[in-house]
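Hydrogens, waters and symmetry mates are skipped; everything else that's a heavy atom, side chains included, is used. Chain letters run A, B, ... following the sequence lines, proteins first, then strands; residues in each count from 1.
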There are 2 protein chains.
Amino acid sequence: MKDNISKQEAIFYSHKMAQLSKALWKAIEKDWQEWIKPFKLNINEHHILWISYHLKGASISEVSKFGVMHVSTAFNFSKKLEERGLLVFSKRENDKRNTYIQLTEKGSDLLESTLNEYQPENNSVFKGSLPMTEMYGKLPEFLDLSALIKEIYGEEYMEILERSLDNIENLDMEQPAIIEDYKRQTKSS
Amino acid sequence: MKDNISKQEAIFYSHKMAQLSKALWKAIEKDWQEWIKPFKLNINEHHILWISYHLKGASISEVSKFGVMHVSTAFNFSKKLEERGLLVFSKRENDKRNTYIQLTEKGSDLLESTLNEYQPENNSVFKGSLPMTEMYGKLPEFLDLSALIKEIYGEEYMEILERSLDNIENLDMEQPAIIEDYKRQTKSS
């Protein structure tokens, strides 16, 4: 066990994390924008639909927390989605202070359409992970990254993430053999 | 070796990566803003100074690439830094097409002052990594994340990152025993 981390090492670490994290998020942001563009949604709007879909309704403060966006951002984009008839606002009997959002059938259908339109082969993070997948025999788990986010954002953030992930496993979808395609491509190139 | 990744698994993976990455980047962004606020710099401006400092001058296209920002963003914020006398623009004899920036002494001093003002104990990513550090005996390396970024952004991105990291190791700084402070805190709480 190393007892002492120098200021240099701390800056080194922070700088490395900043560069890696910015690069990763910008790649994800770009892919995400491309993916949902045909649905006339921006990332915040799609993220709100997604959170509300997976939590089967959510308060604005939950959307803000889990979506890592400002409360006013969560509220304003929810308003826009309400205007398009994709969700409704409500108060709950046992919690009058918070505003809740709930997807309408139209909102829920739209979110499912986006998921069906998702093309892994257009996703640079997914594609960039395939060589590691060859090595590990599965997609990388990023356990350190999960542990770090849990430290920063707390247990609840990870619980909501796991709930939303569980829901994805229960979705009904076509099943293309992506890895097979990848192998074919790398062989022929 | 798993031969087949279903569309579900791909969405599951992308969603998890999007949530973790957004959360990480937003935490880093917030810390970064707080850190450089006293110097009247925004993140883009500080990032440009940083890149130019470590590469000992850089072209706008290198700043854009390594800073993961649009060329026009790199150019416009460089202009603002030029107006403050923190850097100068130039062309190089052997490369007339690209515009280069070079820090002035004032720019270089300012960047060094920000590094000296960096307080690891105010950095949530650094603090969030300390429990893992206790476990591993060193700061986590995020090898999977590095491998992924290398796949997406290419060899050159990682080379520039390593060059800029090497320079940090050679900086002359005070050496507070951060881990010791952390241990004292966790013991007393």
Subject >> Contact origin within Asp144(B) toward chain A - heavy atom pairs under 4.5 Å >> reply: both
Original post:
Taking all atoms of both residues into account, what is the closest heavy-atom pair of Ala23(A) and Tyr157(B), and its distance?
Top reply: CB-OH, 3.5 Å
Original post:
Heavy atoms under 4.5 Å from chain A: which residues of residues 63-73 of chain B carry them?
Top reply: Phe66(B), Gly67(B), Val68(B), Met69(B)
Original post:
Does one hydrophobic cluster hold both Leu81(B) and Phe89(B), with members joined at side-chain heavy-atom distances below 4.5 Å?
Top reply: yes
Original post:
Of the listed residues (Gln19(A), Met132(A), Met158(A)), which shares the most heavy-atom pairs with chain B below a 4.5 Å separation?
Top reply: Gln19(A)
Subject >> Heavy-atom contact with chain A under 4.5 Å, split by part of Ile149(B) >> reply: side chain
Original post:
Got more than 12 heavy atoms from elsewhere within 6.0 Å of CD, Glu156(A)?
Top reply: no
**OP:** Tell me, please, which residues at least two apart from Glu155(A) pass salt bridge (charged side-chain N to carboxylate O under 4.0 Å, His left out).
**Re:** Lys150(A)
Subject >> Any donor-acceptor pair under 3.5 Å from Tyr13(A) side chain to Leu139(B) backbone >> reply: no
Subject >> Interface moiety of Phe12(B) toward chain A, non-hydrogen atoms closer than 4.5 Å >> reply: both
Subject >> Distance, nearest 0.5 Å, that separates CG of Leu165(B) from CD of Gln8(A) >> reply: 12.5 Å
**OP:** Go through Met17(A), Glu162(A), Glu29(A) and name the one with the most non-hydrogen pairs under 4.5 angstrom from chain B.
**Re:** Met17(A)
Subject >> Interface residue of largest heavy-atom contact number with chain B, from Glu141(A), Lys22(A), Glu151(A), under 4.5 Å >> reply: Lys22(A)
Subject >> Shortest non-hydrogen separation from Trp25(A) to Ser21(B) and the atoms involved >> reply: CA-OG, 3.2 Å
Original post:
Does Lys91(B) NZ have over 12 foreign heavy atoms under 6.0 Å away?
Top reply: yes
**OP:** Answer whether the closest heavy-atom distance between the side chains of Ser146(A) and Leu20(B) falls below 4.5 Å.
**Re:** yes
Original post:
Taking only residues two or more places apart in sequence, or in another chain, which ones meet Ala18(B) in a side-chain contact (heavy atoms from CB on, under 4.5 Å)?
Top reply: Ile28(A), Trp32(A)
**OP:** Sort Leu161(A) into side chain, backbone, both or neither according to what part of it lies under 4.5 angstrom from a heavy atom of chain B.
**Re:** side chain
**OP:** Quick one: closest heavy-atom pair of Ser129(A) and Leu148(B), and the distance?
**Re:** OG-CD1, 3.5 Å
Subject >> Proximity of residues 99-110 of chain B to chain A, residues having a non-hydrogen atom under 4.5 angstrom >> reply: none
Original post:
Got a donor-acceptor contact below 3.5 angstrom from the Tyr118(B) side chain to the Ile11(A) backbone?
Top reply: no
Original post:
With no hydrogens and no angle check, is any side-chain donor or acceptor of Lys127(A) less than 3.5 Å from a backbone partner on Ile152(B)?
Top reply: no
Original post:
According to a 4.5 Å side-chain heavy-atom criterion applied to Ile, Leu, Val, Met, Phe, Trp and Tyr, with indirect links allowed, do Leu143(B) and Met135(A) form part of one hydrophobic cluster?
Top reply: no
Original post:
To the nearest 0.5 Å, how far apart are NZ in Lys138(B) and CD in Glu9(A)?
Top reply: 11.0 Å
Original post:
Same cluster for Leu49(B) and Val88(B) if Ile/Leu/Val/Met/Phe/Trp/Tyr side chains link at under 4.5 Å?
Top reply: no
**OP:** Identify whether Val125(A) and Tyr136(A) are in the same connected component of the hydrophobic contact network (ILVMFWY, side-chain heavy atoms under 4.5 Å).
**Re:** yes
